[in-house]
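The block underneath contains the structure these notes are about, expressed in structure tokens.
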Amino acid sequence: MEFTQKAISLVLSIALYRTITVSLLALLAIPVHAQLNGSYTIGGSSPDYPSFSAATTALQSSGVSGPVVFVVATGDYNEQVTLEAVTGASATNTITFESASGVSTDVNVYFAATSSSNNYVIRLSDAAHYRLRNITVTATGTIYSRAVHGQNGLQDLLIEGCRLTSSATSTGSTSAGIYLEPILSESVRIHDSYFSGGAYALYYKNGNGAVSGTEFTDNVVEDSYNGVHLEDLADVLVTGNRITNPARTDAQRALYLNNCDAAAASPSLVANNFLTATSGNRVLFAANSDNLRLYHNSLNQRGTGTALFLLSNPDVEVKSNILHATSGYAADVSSNPNLDMDYNDLYTTGTYLTRYNGTPLTDLAAWQSASEQGDNSLSFAPQYLSETDLHAQAPALATAGVFQAAVPDDIDGEVRGDPPSIGADEYSAAPLQPLA
């Protein structure tokens with residue numbers, strides 16, 4: 001009996017040993033990929049990865065253990081790229097895709113979408129800690145023409161020095177340079193980039209209420225039907241941009257802000273922008289946005305619409321802006337309970353200069369009386385260099401603004417005087433002569 005029990009125990013031990021051995025051998029047979037860390041090449045001769053897609057596949061399978069930079073060789077890349085969450089990525093361990101030459105036009109990623117399901121060249125989905133620098137993204141589709149599309153969660157994203165091109169004829173939301181519709185997002189920054197075409201240059205609406213860290217700075221937008229659309233965001237920073245709608249009467253706004261609340265201690269800032277529209281709509285539309293500061297912007301409405309439209313903003317300051325309209329209102333203002341609006345230039349060649357709480361007002365004196373605003377405001381033609389180059393030349397505006405510590409420099413990086421010029425550009429009246 002004792003011998004039988006020992007034999008059974010021995011057999012079981014051998015079986016267990018074999019099972020463990022087989023399991024270990026199976027684990028050893030699974031390939032283990034080292035986490036990415038450092039610099040890698042895409043394209044060119046003898047690259048680490050032949051394409052963007054190959055690089056993103058490696059990211060997903062390996063993760064990262066430090067900052068990763070993909071240096072992209074000069075060339076055209078006909079592909080779709082999806083950037084998703086990567087194991088190990090963080091604010092320190094960022095993931096960058098950048099042109100090897102540092103010149104955005106040397107690297108062109110392009111794709112022609114044919115339906116809503118594949119409407120992107122680069123898709124950001126649950127993406128965090130990515131950097132796109134100095135590359136061109138071209139959506140070559142006609143109707144479905146989104147260069148960059150963002151969905152689900154987006155966090156800590158930077159697009160810098162890029163060119164984003166979409167259909168020049170589409171007016172629908174299926175066409176955009178950057179179209180972001182996340183469920184939740186935070187810290188999305190777009191700097192020093194160029195946008196051409198599209199129903200929107202940037203459409204960004206957060207799906208889960210206001211989020212912080214939205215920046216759109218020092219960008220150039222040309223021929224975008226709706227310009228820049230920002231909604232349900234917080235702590236918005238929009239500075240140093242040149243945004244121009246196409247010269248067609250059905251084009252919409254240059255800049256739209258709605259439900260972009262901010263804390264009183266860190267208000268949203270829209271400053272030093274050249275904004276041009278050609279329509280019966282508005283150049284700058286701001287509604288339902290608390291703690292909003294509009295300083296030193298130059299607006300040009302070359303159609304029949306309004307330059308500045310303000311509706312139901314609980315606390316808004318409007319200082320040192322040029323609000324120029326052709327035949328519409330320089331400003332249309334309603335239901336802004338804590339409005340502080342002064343040191344602006346309001347000018348139109350139309351019948352009515354402004355509208356306040358639904359009442360059209362013919363001149364500056366009528367505006368000041370009805371709104372109890374603008375004691376230090378003026379009404380002069382700004383003498384822009386052109387319809388889209390909004391460097392003003394009117395001598396009366398050269399030192400008629402009020403200094404704002406939040407805007408120490410102008411759109412060209414020149415230091416502002418005290419008192420400063422009205423508008424985005426700081427200039428001297430000394431060498432200028434009034435128009436005859």
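None of these values were measured; they are calculated from a predicted model.
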List the steps and the verdict of side chain to side chain contact (heavy atoms under 4.5 Å, CB included) for Cys162 and Thr136.
-> CA-CA 6 Å; Cys162 293; Thr136 295; over 6 Å; no
Apply the side chain to side chain contact (heavy atoms under 4.5 Å, CB included) test between Val238 and each candidate in Val228, Asn272, Leu255; give the one that qualifies.
->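 So the option named by the test is Leu255.
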From Asp261, Asn258, Asn313, residue fulfilling side chain to side chain donor-acceptor pair (under 3.5 Å) relative to Asn288 =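 Of all the options given, the one that passes is Asn258.
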Residue among Thr94, Thr92, Asp156 satisfying side chain to side chain donor-acceptor pair (under 3.5 Å) with His129 = Asp156
Does any non-hydrogen side-chain atom of [Y] lie less than 4.5 Å from one of [X]?
| X | Y | result |
| --- | --- | --- |
| Phe216 | Leu202 | yes |
| Leu269 | Thr239 | yes |
| Arg282 | Gln301 | no |
| Leu292 | Cys260 | no |
| Leu154 | Pro182 | yes |
| Asn338 | Pro314 | no |
| Val68 | Asn93 | no |
| Pro419 | Phe403 | no |

Ion pair check, [X] and [Y], cut-off under 4.0 Å:
| X | Y | result |
| --- | --- | --- |
| Arg242 | Asp218 | no |
| Asp192 | Arg133 | no |
| Arg293 | Asp315 | yes |
| Asp332 | Arg355 | yes |

Inter-residue atom distance [X].[atom1] - [Y].[atom2], 0.5 Å rounding:
| X | Y | atom1 | atom2 | answer |
| --- | --- | --- | --- | --- |
| Asp223 | Phe195 | CG | CZ | 14.0 Å |
| Thr214 | Asp235 | OG1 | CG | 8.0 Å |
| Ile95 | Phe70 | CD1 | CZ | 7.0 Å |
| Glu84 | Ser125 | CD | OG | 5.5 Å |
| Gln35 | Leu59 | CD | CG | 11.0 Å |
| Leu83 | Leu132 | CG | CG | 6.5 Å |

Mark yes or no for whether [X], through its side chain, and [Y], through its backbone, hold a donor-acceptor pair below 3.5 Å.
| X | Y | answer |
| --- | --- | --- |
| Asn241 | Ile243 | no |
| Ser298 | Ile322 | no |
| Ser145 | Ser167 | yes |
| Asn226 | Ala199 | yes |
| Ser320 | Gly401 | no |
| Ser224 | Ala201 | yes |
| Asn321 | Gly423 | no |
| Thr348 | Gly328 | yes |

Step by step, would you call Leu339 with Gln373 a side chain to side chain contact (heavy atoms under 4.5 Å, CB included)?
-> CA-CA 8 Å; Leu339 176 67; Gln373 302 284 330; 4.0 Å; yes
Distance-only side-chain donor-acceptor flag, [X] / [Y], under 3.5 Å:
| X | Y | answer |
| --- | --- | --- |
| Asp48 | Thr41 | yes |
| Thr278 | Arg302 | yes |
| Ser51 | Ser53 | no |
| Asn206 | Asp232 | no |

Side chain to side chain donor-acceptor pair (under 3.5 Å) evaluation trace for Ser101 with Asp106 = CA-CA 7 Å; Ser101 67; Asp106 285 349; 2.6 Å; yes
Matching residue for Phe97 among Phe52, Tyr40, Tyr49, Tyr77 - test: ring pair (Phe, Tyr, Trp, His ring centres under 6.0 Å) = Phe52
For the residue pair [X] and [Y], does the interplanar ring angle fall in the parallel (under 30°), tilted (30 to 60°) or perpendicular (over 60°) class?
| X | Y | value |
| --- | --- | --- |
| Trp367 | Tyr356 | perpendicular |
| Tyr203 | His229 | parallel |
| Tyr384 | His324 | perpendicular |

Quick one: is the NZ or CZ of Arg146 closer than 6.0 Å to the six-membered ring centre of Tyr120, and within 45° of its axis?
->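 The answer is no, since Arg146 fails at least one limit relative to Tyr120.
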Is there a side chain to side chain donor-acceptor pair (under 3.5 Å) between Asn119 and Thr174 once you walk through the steps?
-> CA-CA 8 Å; Asn119 190 12; Thr174 55; 5.0 Å; no
Is it true that atom CZ of Phe309 has more than 12 heavy atoms of other residues, nucleotides or ligands lying nearer than 6.0 Å?
->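 Enclosed.
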Give a yes or no on this: more than 12 heavy atoms of other residues, nucleotides or ligands lie within 6.0 Å of atom CG of Leu237.
-> yes
Begin from the C-alpha positions of Asn219 and Ile190 and carry the test side chain to side chain contact (heavy atoms under 4.5 Å, CB included) through to its verdict.
-> CA-CA 8 Å; Asn219 301 289; Ile190 302 164; 3.9 Å; yes
Would Tyr204 and Glu181 count as a side chain to side chain contact (heavy atoms under 4.5 Å, CB included) if you check the C-alpha gap in whole Å, the side-chain angles of each, and the deciding distance to 0.1 Å?
-> CA-CA 6 Å; Tyr204 184 11; Glu181 47 182 351; over 6 Å; no
When you look at Glu231 and Tyr256, which way does the side chain to side chain donor-acceptor pair (under 3.5 Å) test go after all the steps?
-> CA-CA 8 Å; Glu231 190 167 1; Tyr256 174 98; 4.5 Å; no
What's the verdict on side chain to side chain donor-acceptor pair (under 3.5 Å) for Arg123 and Asn118, showing C-alpha distance, side-chain angles and the deciding distance?
-> CA-CA 10 Å; Arg123 171 163 282 169; Asn118 70 348; over 6 Å; no
